[in-house]
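Along the sequence shown, residues are numbered consecutively beginning with 1.
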Amino acid sequence: MKPMPATAKGRRSRIAIVEAAAGLMHDQGIAGTPIDDVLTASGTGKSQLYHYFDGKQDLTVAVLYHQLDRVLDSQPSLRDPDCTDLRRWRDEVLHAHHRNHFGNCPLGVFAGQVGDDPVLRQELAGLFDQWQQAIAGLVTRAVAAGRVHPDTDPVSTALALLTALQGGTMLGCLRGSEHPLAEAIDRVLSTIS
């Protein structure tokens, strides 16, 4: 990825392009989103886009990072070094799912779309690793605070919670309900409390 623009105007233009591309790629898929649609939606020109990105793959990587930021912004307990409450995180996840009208995960929606591109697949896997590590950090804090069983393994618990979140979100999207997501996360949490 190219470095962030030095000027505020450049940063605003780059953000407009990424946000427009993120919305389109989420709704239409990566392959179903032509660059011209991104330009129209962002109100920018081709020269601007290629000033900030090397091409569609580079733009897509920026979209994936943007989507992880959206996810983590909706789960502030993961970034709060004082938070030790996994139930608070659970409630944040459910609130975000409800706010998204039980739609697909902003990051997980791309999992089936990057298989043919090793760069995108590696970037997406790395972003899911970052998300899992953030959850593991919260589990570690919960263990230290005595809020869960002392023998709880933060890494495997974080993987189980992220897996429950992804599966529950997908089923919640299909059923138009938060119940699958709540049930999946609650089952994992019940094994460590």
Side-chain angles (χ1 to χ4, degrees), residues 1-80 89 92-93 96-97 99-101 103-138 155 158-159 161-170 172-173 181:
M1 269 196 308
K2 290 184 177 183
M4 285 297 284
T7 67
K9 181 179 178 184
R11 287 189 294 276
R12 282 193 303 273
S13 294
R14 185 184 186 282
I15 288 168
I17 293 168
V18 171
E19 287 178 346
L24 291 168
M25 289 179 181
H26 183 273
D27 295 343
Q28 301 171 183
I30 295 168
T33 302
I35 290 291
D36 286 342
D37 287 4
V38 175
L39 298 175
T40 300
S42 64
T44 57
K46 199 171 271 196
S47 63
Q48 283 178 296
L49 186 135
Y50 287 103
H51 179 72
Y52 302 120
F53 304 99
D54 289 329
K56 186 172 180 183
Q57 183 187 66
D58 192 32
L59 173 60
T60 304
V61 169
V63 164
L64 296 177
Y65 277 83
H66 172 77
Q67 296 298 80
L68 177 64
D69 284 341
R70 284 185 56 211
V71 165
L72 294 178
D73 286 347
S74 72
Q75 299 170 27
S77 59
L78 297 181
R79 292 179 170 167
D80 180 353
W89 170 77
E92 292 167 353
V93 168
H97 187 50
R99 191 176 58 244
N100 287 338
H101 307 288
N104 288 316
C105 170
L107 192 61
V109 70
F110 296 111
Q113 301 180 42
V114 299
D116 294 336
D117 186 319
V119 171
L120 294 180
R121 188 174 60 246
Q122 181 179 353
E123 290 287 351
L124 185 60
L127 293 173
F128 270 100
D129 287 344
Q130 287 181 39
W131 192 359
Q132 182 181 336
Q133 289 167 11
I135 297 169
L138 176 56
V155 174
L159 178 59
L161 286 168
L162 185 55
T163 301
L165 187 156
Q166 287 300 305
T169 299
M170 181 193 67
C173 178
L181 178 56

Run the side-chain contact (heavy atoms from CB on, under 4.5 Å) check on Tyr52 and Val18 step by step: do they pass? CA-CA 10 Å; Tyr52 302 120; Val18 171; over 6 Å; no

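- Side-chain N or O atoms of Glu92 include one that pairs as donor or acceptor with a backbone N or O of Ser77 at under 3.5 Å.
- Annotation: the span from Gln122 atom CD to Leu127 atom CG amounts to 10.5 Å, rounded to 0.5 Å.
- Cys105 approaches Thr169 most closely through the heavy-atom pair N-CG2, 3.6 Å.
- Distance check, rounded to the nearest 0.5 Å: CG of Leu64 to CG of Asp69 gives 11.5 Å.
- Residues Leu120 and Phe110 are not in side-chain contact: their nearest non-hydrogen atoms beyond the backbone lie 4.5 Å or more apart.
- Distance check, rounded to the nearest 0.5 Å: CG of Leu39 to CD1 of Ile17 gives 7.0 Å.
- Not one N or O on the side chain of Gln75 forms a donor-acceptor pair closer than 3.5 Å with the backbone of Leu72.
- Note that the CD1 atom of Ile35 and the NZ atom of Lys56 stand 6.0 Å from one another [nearest 0.5 Å].
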Do Ser74 and Arg99 pass the side-chain contact (heavy atoms from CB on, under 4.5 Å) test, and can you show the C-alpha distance, the side-chain angles, and the key distance before you say yes or no? CA-CA 10 Å; Ser74 72; Arg99 191 176 58 244; 3.6 Å; yes

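- In terms of the ring-ring contact (aromatic ring centres under 6.0 Å, His included) criterion, residue partners of Phe128 (sequence neighbours excluded) are, by chain and number, Trp131.
- Residues His26 and Val109 approach most closely at CD2-CG1, 3.4 Å, considering heavy atoms.
- In this structure, CG in Asn104 is found 9.0 Å from CE in Met170, a value given to the nearest 0.5 Å.
- Across all non-hydrogen atoms, the minimal contact from Gln166 to Gly108 is OE1-CA, 3.4 Å.
- Counting heavy-atom neighbours within 6.0 Å of Gln130 CD, excluding the residue itself, gives a total above 12.
- Contacts of Asp73 classified as side chain to side chain donor-acceptor pair (under 3.5 Å), with partners at least two apart in sequence or in another chain: Arg79.
- The closest side-chain heavy-atom distance from Lys46 to Asp36 is below 4.5 Å.
- In terms of the side chain to side chain donor-acceptor pair (under 3.5 Å) criterion, residue partners of Glu123 (sequence neighbours excluded) are, by chain and number, Tyr65.
- When all heavy atoms are compared, the tightest approach of Gly172 to His97 is CA-NE2, 3.8 Å.
- For Asp117, the side chain to side chain donor-acceptor pair (under 3.5 Å) partners two or more places apart in sequence, or in a different chain, are Gln57.
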Before you tell me yes or no, could you show the steps for Glu19 and Ser42 under side-chain contact (heavy atoms from CB on, under 4.5 Å), namely the whole-Å CA-CA distance, both residues' side-chain angles and the distance that decides it to 0.1 Å? CA-CA 8 Å; Glu19 287 178 346; Ser42 64; over 6 Å; no

Going through the checks in order, is the side-chain contact (heavy atoms from CB on, under 4.5 Å) test met by Val61 and Phe53? CA-CA 10 Å; Val61 169; Phe53 304 99; over 6 Å; no

Side-chain atoms of residues 4-15: list all donor-acceptor pairs with protein atoms under 3.5 Å, sequence neighbours left out, distances to 0.1 Å.
{"from": "Thr7", "atom 1": "OG1", "to": "Gly10", "atom 2": "N", "distance (Å)": "2.9"}
{"from": "Arg11", "atom 1": "NH1", "to": "Pro5", "atom 2": "O", "distance (Å)": "3.2"}
{"from": "Arg11", "atom 1": "NH1", "to": "Ala6", "atom 2": "O", "distance (Å)": "2.9"}
{"from": "Ser13", "atom 1": "OG", "to": "Lys9", "atom 2": "O", "distance (Å)": "3.2"}

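- Shortest non-hydrogen contact noted between Ala164 and Leu181 is O-CD1, 4.1 Å.
- Put simply, CG on Leu159 and CD on Gln133 are 12.0 Å apart, with the number rounded to the nearest 0.5 Å.
- The minimum heavy-atom distance linking Leu78 with Ala134 is given by the pair CD2-O, 3.7 Å.
- Residues forming a side chain to side chain donor-acceptor pair (under 3.5 Å) with Gln132 (at least two apart in sequence, or on another chain): none.
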